[in-house]
Each structure stands twice: as C-alpha cells, then as structure tokens.
Amino acid sequence: MKGRTRLRQTINSIYRWAQKNSLWVIHYNSGGCNGCDIEILDLLTPRYDVERLGILAEGSPRHADVLLCTGPVTRQSKEGLLQIYSQMPSPKWVVAVGSCSITGGVFQGSPTVLGGIDKVVPVDLYVPGCATRPEAIIAAFVQLQERIAHGK
Amino acid sequence: MFEVLFYLLIFPGFLFLYLCSWLFEFLDRKLLARFQRRIGPPWYQPLADLIKLFSKEDLMPQGANEVVAIALPIVSLCAVLTAGIYVPVAGFSPESFEGDLIIVLFLLSIPTLAYYLAGVTSVGIYSLLGGARSLLQFFSYEVPLLIALSGPAVLAGSWSIQEIIARQSETGAFLLFQPLGFLLAMIGLIGKLKRDPLDIPKAKSEVVAGSLTEFTGVKLGFWHLVMNIQAVVGIFLIINLYIGWTSAGNPLLNISIFLIQWLAMILLLSTASAVFARLRIDQLAGLGWKILVPLSLLQLTVVILMGV
Amino acid sequence: MANKLMPEDFLRCVSAHTQQPCELTGHIINETAITIAADDLHDIVAALMEELNLTHLSAITAQQREDHPDEIQVMYHFWQGGGYTLIVWLPAAEPVLTSLMDIIIGADFYEREVAEMYGITITNREETPPLLLPDDWDEGPPMRRKEKSV
Amino acid sequence: MKEKITIPIGPQHPLLKEPISLRIDASGEEVLGGTLRLGYVHRGIEKLAESRTYTQNIPLIERICGICSHVHTTTFCYAVEALLGIEIPPRAQYIRALLCELERIHSHLLWLGVLAKHVGLETVFMHSWHDRELVLDIMEELSGGRVSHGINQIGGVRFDVDAEHHPMMADKMQKLHERITQFMQIFEREPSIKARTHGVAPLSADLIRQYGLAGPVARASGVDVDMRRDDPLPPYDRLDISVITHPDGDAWSRTYVRIYEIYESLLLCEKILQAIPEGNISVRARRKVPAGEVVVRSEAPRGEVVYYLRSNGTEYPARLKIRTPTLPALAIMPMQLAQIHVADIPVVLAGVDLCIACADR
C-alpha cells in the first residue's frame, strides 16, 4: 500500500508543478469602469509580459484555469459571471481585480450594483487598487502560483 | 520485433517526434515573443501546458457525442505519428517504398478533417463556425499544396521520398530548380497548420477557439500535441523534398545539419506569422483559386518540361 | 461647418409653429432655451429641421425638480454652433411624449433611456426592451422621487 | 451551410473588453443584422451623483470610464465653475487641456492596438501598446496615476507641471512621434491590412448627421465637426486646431482619422507646453453652489460629451445628466452590420471604438 500512496503523491506534485507553471487566464468584466481591464490587457504587452510566467489569455472558459474578473457585479452581468464560472473545468481559481470587485468600491449604494465578486462566486485572491497597477496583478499571480505549489 | 518497437516508440517514432514538437512549440512562441519585444515563455512551458491539460477535469458538453469527441484526437494523433515514420530524418527512414509520399500527404491531411468533424459534432455555434471554416480553408490551400509537393516527385521521376533525396544528392537541391514550388508549399503548409496569417478556423477574436472551444482537459492536450507534431512532420517533409540530403560522415554531423535546416524553416514560419494580418475566408478562397492554383499548374508544367 | 444659427431666427421659427407666446430664456448657461407645449413638440422640431437644418440632437434630459414635484421637465438639447434647448413640462401622474424617431433616428436611444428612467410613455414608436436597466428590474423608474412615486 | 444562424457575442467574448450582448444573425458568412442589449455596466452614476457633494463627485465621475476619465472630470469641473461664476487661472486651464490631449493619444493608441489584434496582427498590438506606456509614464509623472489621475478639483488642478517635467515630456513625445510615423507606414503599405479595412462597413455623411454623431467616426465620413474648435472650452479657443476628416467613411478612413489625430494631439501638447503661462493653479471654491443650470460640451477621445448640471443652492447637485459619445455610435452599429462578412465583425466593432462603461453609465 505504501508504494501506491507515494506514487499518488509524486503524480500530484507533478500535476501541481504543471498547474503552477501554466496558468491559462480568462478575463470577465462584470460592470466596472474598464480601468482595471486595460491594465489586465497591459499584462500581455512587452513591458509586463506575463508569458514569462507561463500565463496565457484564453478566449473560451473551457480552456481557462483562472477567472480574472473586474467590476462591482451589476445585476445584469451576474448571470454571465455564474455561467462562465460553471463552464470552467476544475481545478479553477478566481482572482478579483480592483477595489470595486472587492467591495463595490466607488459605486457602493447604487441599486443596480451587487457590490463585490464574492457575493456571486467564491474568490481566491483579492487585488486591491483603483485602476490596479499591472505590478500588483503580477504579484497576485506569483502568490497564486505559490499557493498552488503548496496544494491550495 | 525489438527493432520495430524501437523505430515505433523511440527514434522516428513517438519520443523523438514529441521532443521535436516540444522544441518546435517553444521556439515558435519564443521567436514570436522576441518579434514583439517580449521575453517569451521558459523552455519547459510546452511540457507544463501538456501535463496541466492532462490534470484537468474532463467536462463533456451535454449534446456532444462522447465517443466521437474522444476518438477524433486519438485517430489524428496516430495518423500524424505514422506519417512521421515515413518521413526520413537526416536521410534515414526505417521504411520506404514506392508511393510513400502519397501516403504521407494523405496522413497529414487527416487531422484537418478530424478538426472539421470535431467542430461539427461538438455543440456550440463557435465550434460549428470553426469547423465550417476549416473545411472551406482545406479546399483553398490543399490543391496548390499537393501540386507543389508533387513537383519534386515528377523531377525525380518517382513517388518514394528516399528516391527523391537520392536524386537531389546527384543533381543538387530541387529548391534551386523550382523556388516557386517551395514558396507554394510553404503557403500550403501555413494553411494546413492553421498558423497565423491563415488561422481563420481558430481566429480568437472571431470564433473564440474554433472547433476546440468545447474541448477541455485530456482531449485538448491531445489536440495541441497533434497540431505540433503535424507541424514538425510537415517541415521535415518540405526539407526532404526541396533541400534533399547529402550524408556528411559521422551521424552527429548529419543530425546537426538537419537540425539547422529545421530551425531555419521555423524562423521562416514565425516571421510569416508575426508579419501578416489574418485574411478573411473568402479572400483566402479567392487567393487560393485565382492565384495559387494557376501558379502551381504553371510550376508543374515547367517542371515537366525540365524533367523530360 | 454649417452656418452658425442665430437665436433670433430660432425664436422666430419656433413661435411660427405654436399658438402660445414663447420667449427666449437664458436661465441655462451656454444655452438659449424656449419652453413649449408637449403636443406641438413634434411639428416644431420638424420645422426646425427643414428651415434651420438643426438636426444635431445632443441629448434629452428629464428631471423631477423638487420645487415642481408633480411635474416632469424634459429638455431637448440641440446644437449647431451653439446650444439650443426646447423645454417641455409633463404631468408627473402619467407623462406622455410623442416620439421624434420618425424625423431624427438618433433620438431612439435617448428616448428609451428617458422612458425607462422616468416612466414616461412614448407614443408612435414600437415597444422595446429596457436599454440600460437590468431585465429583472421591478422597482419602477429609478430616477423618480421616492416619496412622490405614483 | 446557408441556413440562418445567430452568433452570440455575449457578455464574455475575446472581442469585448466590456460586457454587451450582441446577437448577430448571419447566413453562412454573410451577416444579415444584429440586435444589441446594453445595461451590463449600468451603475446608475447619475443617481449616485445626487447623493454626493460636488467634491465627492469628482472621484465618482472619474470612474465612469477608465480610458476617458480626465475628460469627464474636466467637463464636470467647468460646469460647476460656471455655476459658481468663478474663472480658474489660465495655467490650470492649460494643464487640464494638456492632460485631455495626452488622454486622447493614450486612447487612440489603445484603439490602434485593439484593431491590430482583431485583424490578426499581434505584433502591432504589442508594439503600439508598448509605445502607449510612454504616454502612461508622462501621465504618471504628472499626476501619480496611470489610468485615473485625480488631477482635477473644482477651481483648478491639484498638481503643477514643474520645470523638470518639460524635458522628460519633450523627449518622450519625440519618441512617440517617430513610432506613430512607423505605424502609419505599416497601416498604409501592408496589403493584408488594406484588404481587411478598405471598403468595409461604409457610413454616409447624412446617416451620421441623422444619428447625431460627432467624433472620429463622424469625421471619418467627412462630417467636419470637432467640439474643441466649434464649441471650445477655455484653453482651446486660444489654440488653433486642424480637424482631420476623410471622405469615404469606411473602416480604413476611421483608422486614418484616428492615427492622424494622434499627430494632431502631439502637436497640440507641444503648443500647450510652449504657451503655458505662469501663475497659481487653483482658486478657492465655495462648497455651496448657488442655484442655476448649465450645459457644457467637450471633445472626448470618442466624440462629443454633453453635461447638464442643475444646482439648488445646497452642496449636493440637484440633477446631473451625462450624454457620452458611445451611445449614438452604438445606435448606428446595427446599420453597419447589415453589409459585412462574419470575419468583419471585429473590424466594425474596433471601428466604433466601443466604450461601454461610458455608454451605460
């Protein structure tokens, strides 16, 4: 029996190493001011270039591991957020980028705003900042990678 | 028996082709990144991507046909691997007979048809669109590609790749005789591999991920493997048909010369993908039938006259 | 650039198409405004378009002022060299407007927004889904004053 | 494969940075038409603005849209200052105009990258967004923020343009100028781009006038209107602006107009930096605004922004109406969709230069 569990452990650690080094990201804006979205797109550009960390931007939720969402979930875009989250194969992680995706930020109190991604989907990492800086998002990715390496 | 297993699994078989496809994907993404003033992925990225895809949960869209969705990537992987066996690497190929060029061409176009079937069977509008576009694209690049690739066969007077290589070592590389044929073969290869200027079936901003939109986990991993190995085998084929091979003493030197030719071709492909914008499907069809086919026919007649 | 429209011929054209007396008011800075009745809005705008070629409808603003709680003020901001506004007052109980879509197609989105934000029913145009409000919105027009909501 | 299909470009799609729901009905590769559903980004800004004081409103209004945040706060501040009857010092006017022009360059470069990405030219997307970092660096040096700058306040601006900013800005703008000329050459000579943009989704001038469009999309169809020249806010009446138009109104002319507008904005920035007068940068403004109404128009990167503001003597605005340029641009889009291929949808969407956060408010 001992050999089997050690085999399972090595396979799991290899899987974790692979998941750590190959995070495929899908971005969803749930009603924010697109300040954070252009900073997320900035991650792909030469100055910040997240492909060094093995991060790719994907178009289809089926191919994605990390859901990067911005915006203080408006009532109209809540159903889209749930649909994307359900389509993503596990293991999946959710990163909420920007102050309004954490608490509703400057749009708090508006009748059409739910105020925060964690009111709809479970969130793994919060990245504060109003128009989050690309460096902060990269720091969040590095932290997510360490968390994956240690088995969530 | 042991030797066949060695050929099948190790040298021109799965392991060698996988290592080549790993190197190909890494170099391709690295070169594209360097064209864009970016650093690009680390060397182990293709392996990490593949293992991660194998570790993912395998979702199946409700309406899709389970068996077909699993069978397609495996069938196209086998087709591409067997094509890899017949294509000589640095002048050496375990099996060669008259007419193996035609078999290789047929095996290399199985993944495209499998891609179309994958698109049609999986539920979802983007897969349907991606599948239909890949079929449309198949007809517009396949004819010029086949004619261009049959040019060397006509020149060498035989349909066996080894013969073509042997003939070229006597008369010099066919590239010098028919540069146009080489160009058409390259365009056809870009179309077959659905690479950047002609990546219409999987254009991210139009049809999300084409036929592969609904595929997850292991199946997606297989599809990526198929696409990469198809690229590797396609480049080997064009090197053999157009640059030929003259053995140079010890095997180490042979392998390195062949590798250099291979790297040059990858650079060519990456430059093409970094430089050109994506065409529309009707423009590609127009380009294919109005320009590529007449050119390839002209090329063929020139070759026939030259050959006689 | 089309010639600059003078306020005098703006007033002349508007008063030519309405019985009530109307005069230029300057209470909105940067704009020359005229208050008109709701039901001759349509043909005044039509006349303005033909005679003065005033086609650029910048925006439609609606509001329920605290000093006129039982009325809704709707303002059509035009622009040609300078700002020109037509002001219409509607009863807050059941506000009704005639659509300008048949002469200015651009008014479509502005009218739909004003209709759903203030609960104004707009006649002679087809029924359309909400423009900005979520599909499951059931709390009535959001911009109306809460204590006066009918 | 000629039966009718409906392609959902839903709330999430690689084509869209922001959520809208566009249902395209096509038969085969021909697009027949499209229906649009907005409201995914509607946060009720006008409702929120009534429950905040004028100074608290500036951070809110800055977050209507991340790309044109400075134009919104500038228009709002000019509206409040008009109601207060105060005149901000000329240096503050020039600094506001400088940031408006920098934001226009930033927005057009961003759009250039997005168009190239949709046409399949990842390389131009990477290069143009890398050069956009130059503009972001300048804005960060001036105001500390890359996207939302927070430089405006009622009565003037909060940060000054110091002496050592001038050489830094001049050098970066010179580099930007060379890069833009290279992009223009790429877009003019590259045959595959020309094939994808020439003659795609043309818009006639009177269609533009019927929809009341005024912006790069209108100028690309030959309608010669620019709020900086026709209805200028303070510093622009002292600067001469040449308006760039293009006669035939298709995807290529929209590209042409926007790229040359980057040149024009660079020139304007240099003129502003030379003509900037000395003096303090803000004036004290009372918290309570006397009763009154005002309408202010200004030129955002995407067209005409209209602000209607009414005050009732308290320190809270009584009514704030914002009309952003993307709304009419979205209204005209179904007309463009009726004559293109499925593969042209990205080019049309990029041509409209969608800013849904502006449109939905």
Next on the checklist: Could you measure the distance from the CG atom of Asp282(B) to the CD atom of Glu30(D)? Nearest 0.5 Å is fine.
Outcome noted: 7.5 Å

Checklist entry - Are Ile7(D) and Tyr126(B) side-chain neighbours, meaning at least one heavy-atom pair lies under 4.5 Å? => result yes

Item to check | Taking every non-hydrogen atom, the tightest pair across Ser192(D) and Ala277(B) | outcome: OG-N, 3.1 Å

Item to check | Contact check, side chains of Thr123(D) and Val275(B), non-hydrogen atoms, under 4.5 Å | outcome: no

Next on the checklist: Less than 4.5 Å to any heavy atom of chain D: does that hold for the side chain of Ala274(B), its backbone, both, or neither?
Outcome noted: both

Item to check | Contact summary for Pro8(D) and Ile125(B), nearest pair of heavy atoms | outcome: CD-CG2, 3.3 Å

Item to check | Residue among Ile9(D), Asp344(D), Val124(D), Ile193(D) with most heavy-atom pairs under 4.5 Å to chain B | outcome: Asp344(D)

Next on the checklist: Less than 4.5 Å to any heavy atom of chain B: does that hold for the side chain of His130(D), its backbone, both, or neither?
Outcome noted: side chain

Checklist entry - What distance do Leu128(B) atom CG and Ile5(D) atom CD1 have between them, rounded to the nearest 0.5 Å? => result 6.5 Å

Checklist outcome for this item: For Phe276(B) and Glu190(D) the tightest heavy-atom approach is CD2-OE2, 3.7 Å

Checklist entry - Mind checking whether Val119(D) and Arg278(B) have side chains closer than 4.5 Å, heavy atoms only? => result no

Next on the checklist: Are there over 12 heavy-atom neighbours, none belonging to Met335(D), within less than 6.0 Å of that residue's CE?
Outcome noted: no

Checklist entry - Tell me, side chain or backbone of Val347(D) under 4.5 Å from chain B's heavy atoms, or both, or neither? => result neither

Checklist entry - Is the shortest side-chain N to carboxylate O distance from Glu206(B) to Arg196(D) below 4.0 Å? => result yes

Item to check | Glu122(D) and Gln36(B), any side-chain heavy atoms less than 4.5 Å apart | outcome: yes

Checklist entry - Picking from Lys204(B), Arg133(B), Arg280(B), which has the most non-hydrogen pairs under 4.5 angstrom with chain D? => result Arg280(B)

Next on the checklist: Are more than 12 heavy atoms, taken from residues, nucleotides or ligands other than Tyr116(B), located less than 6.0 Å from that residue's OH atom?
Outcome noted: no

Checklist outcome for this item: Rounded to the nearest 0.5 angstrom, the CZ-CE distance for Arg38(B) and Met126(D) is 4.0 Å

